[in-house]
Amino acid sequence: MLEKLLNLIRDHGVISPSALSSQMGISPRLLEVMLEDLQRRGYLDSIEEPEACASGACQGCAVSGSCGTRPRVWQLRQEQEAVKLL
Amino acid sequence: MSDCHTPSSNQASVVQAVAGVPTIALAGQPNMGKSTLFNLLTGLNQHVGNWPGKTIEKKEGFFKHNGREYHLVDLPGTYSLTANSPEEVIAREYILRQKPDLVLAVVSAANLERSLYLVSELAALPCRLVIALNMVDVAGQEGIEVDAGKLSTAVGVPVIPLVATHARGVDDLLQAIHMELQSPTQKERSMPDIRADHRQVRSDLEVLILPYLPPGYPPAWCALKLLEGDAEMQGLVRAAVPAGTSKQVDDILLKHDDAFLAIASGRYAWIESMLRTAVHGQRAGQISITDRLDRYATHPVSGLAILAGILGLVFWLTFTIGSPIQNALAKGVVVPLASMTGTLLAGAPFWLRGLVVDGLIGGVGSVLTFLPILMIFFGAFSLLEDVGYMARAAYVMDNFMHWMGLHGKSFLPLFLGFGCNVPAVLGTRTIESRQARLLTIILAPLVPCTARMAVLAFLTPAFFGPNAVIVSWGLILFSLVLLVVAGVILNRVLFKGERSAFVMELPLYHTPNLRTTGMLVWQRSLSFIKKAGTTILGISMIVWALSVLPNGNVETSYLASVGRALEPIGRWMGLDWRLTVALLTSFMAKENSIATLGVLFGGLTKAGLAQTISAAYSASTGLAFLTVSLLFIPCAATVAVIRQETGSWRWTFLNIGLMLALSVGIASGVYAIANAMGV
């Protein structure tokens with residue numbers, strides 16, 4: 001299941017968890033657990049919101065509020081990096 | 001299994017389990033209600049200490065049920081039994097070496113997907129097991145129904161529904177524990193499947209390590225942990241086996257270093273099969289509506305068309321509703337106010353009248369008349385955000401840029417720039433290569449941030465009246481295309497066409513909350529008014545002073561001198577010195593260009609700023625001015641962050657120089673083409 005998941009991510013380039021779970025035939029919640037597991041194991045990187053969004057660095061901008069909440073993003077690590085981490 | 005009731009003598013514990021009192025180990029992931037159940041069962045009859053040699057808290061205590069006493073040990077919260085953390089090592093060491101009489105696994109019915117991984121590992125150990133299916137009430141509220149009987153049959157161990165916070169189901173749980181201790185379940189446990197090739201490898205490893213394992217460690221389980229890449233187990237085996245065997249083990253592991261994926265996959269397949277058997281409902285309706293909408297909204301082609309359509313709609317709404325109000329405010333408030341104040345201050349010194357009428361009312365007043373346009377603009381974006389669409393917009397653009405071959409490490413920070421260029425520059429910290437990072441920073445100001453879009457919403461109606469929607473829509477699309485082209489070049493040069501892959505979470509669509517949207521519009525408007533009263537006011541005063549010094553005539557003022565010095569460059573884009581100066585002042589804050597035009601035009605005419613500008617400049621000049629404004633050097637805050645992040649003035653000035661060259665070059669081209677087409 002995890003191999004299939006990694007292959008799907010690699011093939012699609014950019015994909016949402018919803019599309020992934022429907023292609024895998026599993027619930028979105030189980031997919032989330034699997035993504036987090038792959039992240040813990042070093043196959044995926046979780047890309048956090050830059051500090052700037054929380055630091056108030058763009059408070060001077062009148063429309064900074066429209067930044068909103070950024071979605072959670074996981075990035076596939078290069079294979080050699082993942083193997084090294086294991 | 002009964003030789004481990006008493007904690008070992010080296011444990012710092014005052015609790016002494018009495019011989020014959022069964023020990024129950026409470027296992028589970030964090031936040032599944034394990035501590036609640038522990039406190040509920042033991043009450044005050046508990047002791048808190050530390051696990052031997054660790055700073056991790058150890059809780060144990062006693063409780064009675066139907067006259068029988070039990071010793072309860074609360075194991076640290078763990079996700080699995082692989083040695084990823086000290087908590088996981090403690091939990092599994094306790095179960096393997098201390099051999100409690102029973103392991104009670106606490107799982108959450110509302111989050112079974114997360115809870116069952118640990119159960120899949122516990123089920124493989126030779127221990128008596130009971131599952132406490134906690135939080136069935138929370139699951140029910142979320143429309144999730146877990147059939148405990150079916151789950152019990154599927155796993156092969158007793159499963160008891162429970163609401164630990166309300167002490168519901170505790171008697172049944174204790175009865176099940178008693179029964180399991182009296183006569184263990186005879187059913188065969190369901191185990192995660194292991195791929196055939198790994199099964200053979202596991203057997204080979206088992207044979208190799210069997211004679212050397214410390215007591216209590218099941219050889220098959222240890223072999224599996226070795227294959228999973230468990231560092232703790234590898235250390236234990238290396239220390240126990242002879243050098244030759246160690247080499248054989250290492251060789252096998254090296255050949256199968258991908259085994260973790262297969263083993264964990266087997267566990268997830270097991271979890272999926274348990275869920276399919278025992279769980280019903282999962283807010284399916286809500287998910288399917290989102291899925292149905294996303295079929296179009298996130299589709300590579302229709303998603304882009306929807307995004308372009310929505311952008312056009314936002315500008316159409318903004319101009320259709322906002323422009324008439326803006327004109328009415330300009331003609332009905334600013335012009336009469338300037339005229340009335342001019343009359344009132346007729347006897348006042350020249351500088352005071354000029355400062356108030358032209359500087360204050362002409363500058364700040366003109367900017368404030370655009371507030372209705374901005375409020376509609378803010379409102380439209382707040383609604384889109386609240387509905388959940390903005391994440392789709394980013395997703396569609398990311399997908400498009402990936403399709404174009406742009407490297408993700410560049411485009412993710414760039415897409416943060418749609419809110420503000422400042423976080424976009426800071427977002428490049430995820431890029432390891434300094435060269436790639438510096439060039440991505442250079443690209444960041446090309447993103448049309450919402451401040452630039454708002455300025456576009458200000459100025460386009462002034463230049464283009466009823467055609468403002470199509471012009472502003474076209475300009476935003478043009479700047480996006482420019483960004484993609486620049487990004488693709490960056491990818492080819494820096495990343496050699498290498499691609500990366502992402503999973504981007506999308507929130508569920510939901511009905512917008514008008515109160516939330518109203519609050520956001522109010523906060524953003526208030527923030528804009530504050531800016532008008534500080535930065536824009538200050539710049540307006542300076543611009544006014546420079547426009548009247550040294551002799552009171554704007555045509556021979558210092559400002560005109562600066563503008564005329566730059567006019568030769570401005571003329572490439574069809575800009576006179578006034579527009580050139582307005583562009584320059586936008587460096588401090590994008591809105592200053594309007595304030596400057598207000599100072600230079602607004603207070604002097606009866607028609608209001610928009611109509612004066614419309615009459616004063618041709619459409620080709622307007623188009624060139626909007627283009628150069630959209631691509632001009634970033635605001636002062638972004639420049640400061642570029643300096644901070646690059647740590648170099650040279651790169652900062654290079655960035656300013658490049659943006660200047662790009663904006664002036666493209667705007668000059670736009671002006672020439674527009675003129676040639678007779679616009």
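Just so you know, these numbers come straight off a predicted model, no measurement behind them. To find a chain, count down the sequence lines: A is the first, B the second, and so on, and within it residues start at 1.
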Portion of A/L5 that has a non-hydrogen atom of chain B nearer than 4.5 angstrom: neither
B/Y509 ring center near B/Y389 ring center (under 6.0 Å): no
Toward chain B, the part of A/L8 with a non-hydrogen atom under 4.5 Å: neither
For the student: nearest non-hydrogen atoms of B/G379 and B/V521, plus distance: CA-CG2, 3.4 Å
Contact winner vs chain B - A/S16, A/A19, A/G25, heavy-atom pairs under 4.5 Å: A/S16
Options A/D37, A/L20, A/L35, ranked by heavy-atom pairs under 4.5 Å with chain B, top entry: A/D37
A/E36 with A/R40: basic N within carboxylate O range, under 4.0 Å: no
Pair B/T82, B/E88: side-chain N/O donor-acceptor within cut-off below 3.5 Å: no
Interchain contact, B/A231 with chain A, by part (heavy-atom threshold 4.5 Å): neither
Test item: B/Q29 side-chain N/O and B/Y79 main-chain N/O as donor-acceptor pair under 3.5 Å: yes
